[in-house]
Amino acid sequence: MRDEIATTVFFVTRLVKKHDKLSKKQIEDFAEKLMTILFETYRSHWHSDCPSKGQAFRCIRINNNQNKDPILERACAESKVDFFHLGLPKELTIWVDPFEVCCRYGEKSHPFTVASFKGKWEEWELYQQISYAVSRASSDDSSGTSCDEESCSKEPHVIPKVSNPKSIYQVKSKQNIERTKL
């Protein structure tokens, strides 16, 4: 659950950064609240033995019928961020499931994998996969082939962790990450 939620928060905050409406501090506060809310909300709906169980409950969704997802809206309220300053696509669905995070950009598009935890990933591979998913979800071109310097670099990157003393991820330095329990 930790990796899937951390990936979801990283993915959403990367989309928010592309919109460039929030300060670094606002994004960090939003990410911290979102991570806490996702853990609280999904804890009793996480079924590693049957990942599809509870899938609808663990879905973050924005569309024409629901222009604000309740979880994202709550994270915004608790971090004092205007929901519409997130700049998220008008139609976005994110499924946060055991071993996999998937996304669909647009109601008629095909879902794609943001990250899969069924096998072992190197840190830079996970970063590349999430960066590719951000490009797909934030571009108007549905081919998903856009590439900017940051998202297509072969250099290893560390996924930024929330600077929250209660977070499961704590950063000692850019090169040394220590995972701790809640």
Side-chain angles (χ1 to χ4, degrees), residues 1 3-43 45 54-97 100-115 126-127 129-152 157 159-164 166-169:
M1 186 164 88
D3 290 334
E4 294 87 345
I5 289 176
T7 296
T8 302
V9 171
F10 183 64
F11 176 66
V12 170
T13 56
R14 285 288 307 270
L15 287 172
V16 170
K17 285 178 186 178
K18 284 184 93 74
H19 191 61
D20 205 25
K21 286 267 187 179
L22 300 177
S23 70
K24 184 177 179 181
K25 172 82 169 109
Q26 288 175 306
I27 293 171
E28 287 172 359
D29 290 347
F30 169 76
E32 180 180 325
K33 295 297 182 183
L34 181 58
M35 185 167 295
T36 300
I37 292 166
L38 289 173
F39 269 108
E40 289 171 1
T41 306
Y42 294 171
R43 185 167 297 194
H45 293 274
Q55 189 176 49
F57 184 81
R58 295 186 309 271
C59 175
I60 297 171
R61 189 164 189 184
I62 303 168
N63 62 22
N64 289 332
N65 297 325
Q66 179 179 319
N67 66 352
K68 292 181 180 179
D69 178 82
I71 287 177
L72 296 176
E73 189 173 26
R74 181 176 159 202
C76 285
E78 290 184 17
S79 60
K80 297 176 179 60
V81 167
D82 183 323
F83 182 89
F84 294 106
H85 287 171
L86 296 177
L88 296 174
K90 291 181 181 185
E91 292 183 348
L92 176 72
T93 306
I94 303 170
W95 292 275
V96 185
D97 295 326
E100 189 169 60
V101 177
C102 294
C103 177
R104 181 179 65 205
Y105 174 62
E107 291 293 309
K108 296 179 182 178
S109 300
H110 294 287
F112 56 91
T113 301
V114 174
L126 182 58
Y127 179 87
Q129 184 69 22
I130 295 170
S131 295
Y132 175 71
V134 167
S135 294
R136 282 191 71 176
S138 63
S139 75
D140 291 331
D141 174 21
S142 61
S143 70
T145 58
S146 66
C147 179
D148 61 22
E149 185 178 312
E150 181 184 26
S151 66
C152 291
H157 292 277
I159 296 175
K161 306 301 187 258
V162 177
S163 58
N164 171 0
K166 294 182 180 180
S167 175
I168 57 156
Y169 293 98

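With hydrogens and angles ignored, the 3.5 Å screen pairs no side-chain donor or acceptor of R43 with any backbone N or O of H45. For the pair N63 (side chain) and E91 (backbone), a donor-acceptor distance under 3.5 Å is absent.
Rounded to the nearest 0.5 Å, atoms CG (N64) and CD (E107) are 7.5 Å apart. Atom-to-atom distance recorded for E4:CD and T7:OG1 is 7.0 Å, nearest 0.5 angstrom. The line from NZ of K17 to CG of L15 is 11.0 Å long, rounded to the nearest 0.5 Å. Atoms CD and CG, on E32 and L34 in that order, are 11.0 Å from each other to the nearest 0.5 Å. Considering CG of L92 and CG of D69, their distance stands at 9.0 Å, rounded to 0.5 Å. Taken to the nearest 0.5 Å, the OG1 atom of T8 stands 6.5 Å off from the CD1 atom of I94.
For the residue pair T13 and A31, the shortest heavy atom distance occurs at CG2-CB, 3.6 Å. For the residue pair Y42 and F57, the shortest heavy atom distance occurs at CE2-O, 4.0 Å. In this structure, C103 and W95 approach most closely via the heavy-atom pair C-CZ3, 4.1 Å. The shortest heavy-atom contact between N67 and I62 is O-CG2, 3.6 Å. Here the closest non-hydrogen pair linking H19 and F84 is NE2-O, 4.4 Å. Of all non-hydrogen atoms in F83 and L72, the two that sit nearest each other are CE1-CB, 3.6 Å.
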(request) Using the side-chain contact (heavy atoms from CB on, under 4.5 Å) rule, take V12 and L86 through it: C-alpha gap first, then chi angles, then the decisive distance, then the call. (result) CA-CA 9 Å; V12 170; L86 296 177; 5.8 Å; no
(message) Could you go through D29 and K25, starting from their C-alpha distance and side-chain angles, then the distance that decides it, and tell me whether this counts as salt bridge (Lys or Arg N to Asp or Glu O under 4.0 Å)?
(response) CA-CA 6 Å; D29 290 347; K25 172 82 169 109; 2.9 Å; yes
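Applying the salt bridge (charged side-chain N to carboxylate O under 4.0 Å, His left out) criterion to D97, with sequence neighbours excluded, gives R58.
I37 has its side chain within reach of E78: a pair of non-hydrogen atoms, C-beta onward, lies under 4.5 Å apart.
Applying the salt bridge (Lys or Arg N to Asp or Glu O under 4.0 Å) rule to pairs touching residues 79-90 yields nothing, sequence neighbours excluded.
The side-chain contact (heavy atoms from CB on, under 4.5 Å) test with T41 is passed by exactly one of I5, I71, V96: I71.
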